[in-house]
Amino acid sequence: MDLIKVESKWQKIWADTGLYKFHRDRVDKKWYVLEMFSYPSGAKLHAGHWYNYGPSDTYARFKRMQGYEVFQPMGFDAFGLPAENYAIKTGIHPQDSTMKNIATMEEQLKKIGATYDWDYELYTCVPEYYKWTQWLFLQLYKKGLAYRKEAPVNWCPSCNTVLANEQVVQGECERCGTTVIRKNLTQWFFKITEYAEELLRDLDKLDWPEKTKLMQKNWIGKSYGGEIEFAIKGREETFRVFTTRADTAFGVTYVVLAPENPLVDVITTPEQKAAVEEYKLNASKVTEIDRLASTREKTGVMTGAYAINPVNGREVPILVADYVLASYGTGAVMGVAAHDERDYVFAQKLGLPIERVVKSADGGSDDLPYCDYGVMINSGEFDGMTSEEGKIAVIRKLEKEGKGALKTNYRLRDWLVSRQRYWGAPIPMIHCEHCGVVPVPEKDLPVRLPYNVDFTPDGVSPLAKCEEFMNVTCPVCGRPARRDPDTLDTFVCSSWYYLRYPDNRNSEKAFDTEWINKMLPVDKYIGGAEHACMHLLYARFFTKALRDMGYLNFDEPFLSLVHQGTILGSDGFKMSKSRGNVVSPDDSISKYGADAFRVYLMFGFSYVEGGPWNDNGLDSISRFFDRVERLVTKCYGMNFGDAPMQKAEKELNYVRNNTIKSVSADLETFSFNTALARVMEYVNAIYAYDSAVSAKTSFFKDCVRDLVLLMAPFAPHFCEELWEMLGQPYSVFNQAYPVCDEKALVRDEIELAVQINSKLRARITVASTASKSEIESEALKAVEAQLNGAAPKKVIVVPGRLVNIIA
RNA sequence: GCAGCCGUGGCGAAAUUGGCAGACGCGCCGGAUUUAGGUUCCGGUGGGAAACCGUAUGGGUUCAAGUCCCUUCGGCUGCACCA
């Protein structure tokens, strides 16, 4: 069969007949299959894209044949840095290059032959879409979930923009690898921390890979502890520290404030002023990477002020040190040198006292610092208590005195969403000298991104230099005002696109609530694991926030998630242009066809693992197709009649139904490789039957027919053609997927292994209805000689599997 | 450093979740068809002459361990002074 011809033939017919149009009236049977949308890069689709889209499409077709109304849309995450950087280099406007890339990618995606309904396509970079991204921003603002604050933020000096916490990897910019520095800037944040608890709790509801859930759990980082309030000697002010080890409170020998803590300026004594100022300045210059280095020397200076420990009234010095983070807890910690690794190192360095207040439990290490839990000592009324009890008891006591409280903290930070870049959705806010920060009225949306802008990076938002954009009338007072010059992080655009797909043409609303509540949540979401703590977390946050605003009635956007593995270059490294190991599917496809290529990807790799590319097996897929096709041609001109099933037919029928059952189960779990192995076994069984039985009945044709149906989701063009060759009505994808006949799986006889002392010694064949005692006596008979007449100590019968005789 | 995952033939990988390790395919070997090569079809293929031994290593639990528990080694991923 000329697969290349066949593929374009059916792609045309599928398009002409609208085979993959989504039928809204069947929404009660909907099955929303979503692949993470792509960034429209200039490069062609590579093997990795096919690895994402091909198998997902197989899954979608399987669901369709099971009777679901599959909704499988496709679109483009079209705002973002690469287009802008490309523009800076070449002068080609991001909008022009992006739209061109999209057109190219659409064409290539169509070659995969997937069941996308292109009527629901979307691009995030067009006003019809980003109008609603802006609308969403305004809703979050109204709800108090979008706010502006000055804070130390991550700044990438190469991309000339701030970054979210999640976009800093090992102290480097996720995009370009430049070392990130810290800056104090006023920026827009989304209050994702408000949902920390629910984001954590609802992970239990999700059918997601455990490792992904664990990553989110760790990222959210819930920690139980308490706050302890310290008074400042000779002053009115007090401050609190957060600790998870209140049981060590009697061992506090100093306290430390973060350099950014506003209290520092208040309490520093005149004698220490200069030293503290210098320290603060140096701390602000430290790059993220230096700050993260574990070998980094701990530093700090005295403020000259003293705090009073509420548990024992002791005066301890207050220091400033940058190992304390302003953004976590209270920005202040108590220093317990004897029982905390970091405090110990710090105290040694600065010559601060070390006092032990917890005795090691039996077997615990007795070297400083004693970080393990033990029994409290030198702790007044708490002496003798275990750490476990004490850390609660100490806080409880302070609570009664109004000097402490049990407290839970999260490591999750609010999401910084403003970017000093051009190619993104403008933030719909206006700055008015008289009215302050004012939201753009919803009726004025979208705030259009102007085309003619100088986006040469210089650390200032490109839009700030575009006067026609910046100048605006204040919607409150009517006086001249300025627009916000920043754009939104592209993750904002991609955090709600799954809500837009089913209602992508809606010009009145972001989406229709009633409709979206029927179409969502997504039933199967497919995409890379690298999004665990970014996109996947943000999307969950948006869904929950929109639910609380009444726009949605579900809690989670993606019920079930699968990560596809990565196809590496044949050298075992990640495919990259610079390495020159990018595998283009083009050659393979023009030689073997798209179906063979995608079947090869599904068969040769474990879907969630991926692995290094090699094309050794592609020929074999081609041969396998030929083998299947020959079975179809065997059905031509045969004189089929009906006849009762004999032994051979029953055997093949068993394999057929077993295949149906296994393949269906494997497709549910994205185990494409084993599903195809079962199909191959089935083909082998049909051949065995064919050579053994000369007088065939219509049973043979039924078996071949089922084979084509079974294979159709894997090799859609090929099987559509085979279906036609079998004289069946168009389309194979309107057929029901074969359903296993459980009766056919009931065998008259089964084979069991017989073990003596767990070693295989014989095989027996027994009636499938045989009782345990019948099996036992058959087994004993089979190994009689080897037992030498000795009575077995014990016999274990595992029905359907084996018999183990303990001699 | 902390957390998690992984380690199975010459190769890609399976193993119904504690029950006959290596399914399926590649490669290789042999046979049939063919003038020959290729194609196709059939058979073999973890090691060992065998008893037996085999799932990175050493121990443990169990009638039974690739699977569960502990040790060591190697690889991957995430987090990284979060008090």
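Residue numbers start from 1 in every chain, and the chains themselves are labelled A, B, ... in the order their sequence lines are given, proteins ahead of strands. Since we're looking at a predicted model, the values are computed, not measured.
Taking atom CD of A:Q755 as the reference point, atom P of B:rU62 lies 18 Å away to the nearest angstrom. Atoms CZ (A:R623) and P (B:rC24) sit 16 Å apart, rounded to a whole Å. Between the CZ atom of A:F624 and the P atom of B:rG25 there is a distance of 9 Å, rounded to whole Å. Per the geometry, CG belonging to A:D340 stands 9 Å off C1' belonging to B:rC81, to the nearest Å. To the nearest angstrom, C1' of B:rU16 lies 10 Å from NZ of A:K661. In this structure, A:K574 atom NZ and B:rC76 atom P are separated by 14 Å, rounded to whole Å. Between the C1' atom of B:rC24 and the CG atom of A:L601 lies a distance of 17 Å, rounded to the nearest Å. Protein atom CD1 of A:I806 is 4 Å distant from nucleotide atom C1' of B:rC63, rounded to whole Å.
Only the P atoms considered, B:rA80 is 37 Å distant from B:rU16, to the nearest whole Å. Annotation: B:rG75 and B:rC26 have their P atoms spaced 34 Å apart (nearest Å). One C1' atom belongs to B:rG18, the other to B:rG60, and the distance between them is 16 Å to the nearest Å. Nucleotides B:rG66 and B:rG19 place their P atoms 10 Å apart, quoted to the nearest Å. If you take atom C1' in B:rU55 and the same atom in B:rG47, they sit 14 Å apart, rounded to whole Å. Across the C1' atoms, B:rA49 and B:rU67 are found 33 Å apart, a figure rounded to whole Å. Comparing B:rA51 with B:rG37, their P atoms are spaced 38 Å from each other, to the whole Å. Annotation: B:rG27 and B:rG22 have their C1' atoms spaced 16 Å apart (nearest Å).
Annotation: of the two residues near RNA chain B, A:I796 and A:S691, the 5′-most nearest-nucleotide partner is A:S691. Along RNA chain B, the nucleotide nearest A:G800 and the nucleotide nearest A:Y607 are compared for position; the residue whose nucleotide lies closer to the 5' end is A:Y607.
Of the candidate nucleotides B:rA23, B:rC63, B:rA80, B:rA23 has the atom lying nearest to any side-chain atom of A:A677. Relative to the side chain of A:T674, the nucleotides B:rG19, B:rA23, B:rA83 differ in distance, and B:rA23 lies closest. Here the side chain of A:V324 is nearest to one of B:rA83, B:rG19, B:rG25, namely B:rA83. Across B:rC41, B:rC81, B:rG78, the shortest atom-to-atom separation from the side chain of A:Y687 is found for B:rC41. When the nucleotides B:rC26, B:rC42, B:rA14 are ranked by their closest atom to the side chain of A:S606, B:rA14 comes out on top. When distances run from any side-chain atom of A:N684 to the nucleotides B:rC41, B:rC24, B:rC20, the shortest one goes to B:rC24. Comparing B:rC42, B:rC79, B:rC24 by their closest approach to the side chain of A:E681 singles out B:rC24.
Residue-level contact check: A:K759 touches the backbone only, with heavy atoms under 4.0 Å from sugar-phosphate atoms and none from bases. Among the heavy atoms of the strands lying under 4.0 Å from A:R413 is at least one base atom, whether or not backbone atoms are also near. Backbone-only contact: A:R630 has heavy atoms under 4.0 Å from sugar-phosphate atoms and none from a base. Using a 4.0 Å heavy-atom distance criterion, A:S223 is classed as a sugar-phosphate-only contact. Within 4.0 Å (heavy atoms only), A:G604 reaches sugar-phosphate atoms of the nucleic acid but no base atom. Residue A:R678 is classed as a base contact, given a heavy-atom separation below 4.0 Å to a base. Nucleic acid contact for A:N804: base, since at least one base atom lies under 4.0 Å from a heavy atom of the residue. Counting any heavy atom pair closer than 4.0 Å across all strands shown, A:L802 reaches a base atom. A:G331 comes within contact range of no nucleotide atom at all, as no heavy-atom separation falls under 4.0 Å.
Of the nucleotides present, none pairs with B:rG37 by Watson-Crick or G-U wobble criteria with both distances under 3.5 Å. Under the Watson-Crick or G-U wobble criterion, with both distances below 3.5 Å, B:rU62 has no partner in any strand shown. Base pairing of B:rG22: no nucleotide in any strand meets the Watson-Crick or G-U wobble criterion (both distances under 3.5 Å). As the counterpart of B:rA49, no nucleotide is assigned, since no Watson-Crick or G-U wobble pattern has both distances under 3.5 Å. Searching all strands for a Watson-Crick or G-U wobble partner of B:rU55 with both distances below 3.5 Å returns nothing. B:rC2 is paired with B:rG78 under the criterion used here, namely a Watson-Crick or G-U wobble arrangement in which both key atom distances are under 3.5 Å. Nucleotide B:rC73: paired with B:rG7 (Watson-Crick or G-U wobble, both distances less than 3.5 Å). Nucleotide B:rU67 has no partner under the Watson-Crick or G-U criteria, as no pair reaches both atom distances under 3.5 Å.
A donor N or O paired with an acceptor N or O is not found under 3.5 Å between the base of B:rU39 and the side-chain atoms of A:R627.
Here A:F672 and A:F670 bring their ring centres to under 6.0 angstrom of each other.
A salt bridge links A:D690 with A:K696: the distance from a Lys NZ or Arg NE/NH1/NH2 to an Asp or Glu carboxylate oxygen falls below 4.0 Å.
Cation-pi check for A:R627 over A:Y687 is met; the charged atom lies under 6.0 angstrom from the ring centroid and within 45 degrees of its normal. With a 6.0 Å cutoff to the six-membered ring centre and a 45° limit on the axis angle, A:R356 counts as a cation-pi contact of A:Y370. Judged by the 6.0 Å distance and 45° axis criteria, A:K222 is not positioned over the aromatic ring of A:Y410.
Side chains of A:N614 and A:S570: a donor-acceptor N/O pair is absent below 3.5 angstrom, by distance only.
Classified by its glycosidic torsion, B:rG9 falls in the syn category, the angle being within 90° of 0. Glycosidic conformation of B:rU35 is anti; the angle lies outside 90° of 0.
With A:Y279 contributing its side chain and A:T299 its backbone, the two residues share a donor-acceptor pair below 3.5 Å. In this structure a side-chain-to-backbone donor-acceptor pair under 3.5 Å is missing from A:H339 to A:G251.
Dashed line: the shortest gap from a side-chain N or O of A:N673 to OP1 or OP2 of B:rA14 is under 4.0 Å. Residue A:Y328 places at least one side-chain N or O under 4.0 Å from the OP1 or OP2 atom of B:rA83.
In this structure, the separation between OG on A:S327 and CD on A:E260 is 8.0 Å, given to the nearest 0.5 Å.
Considering A:Y600, A:Y51, A:W50 as possible partners of A:W613, the one that fulfils the ring-ring contact (aromatic ring centres under 6.0 Å, His included) test is A:Y600.
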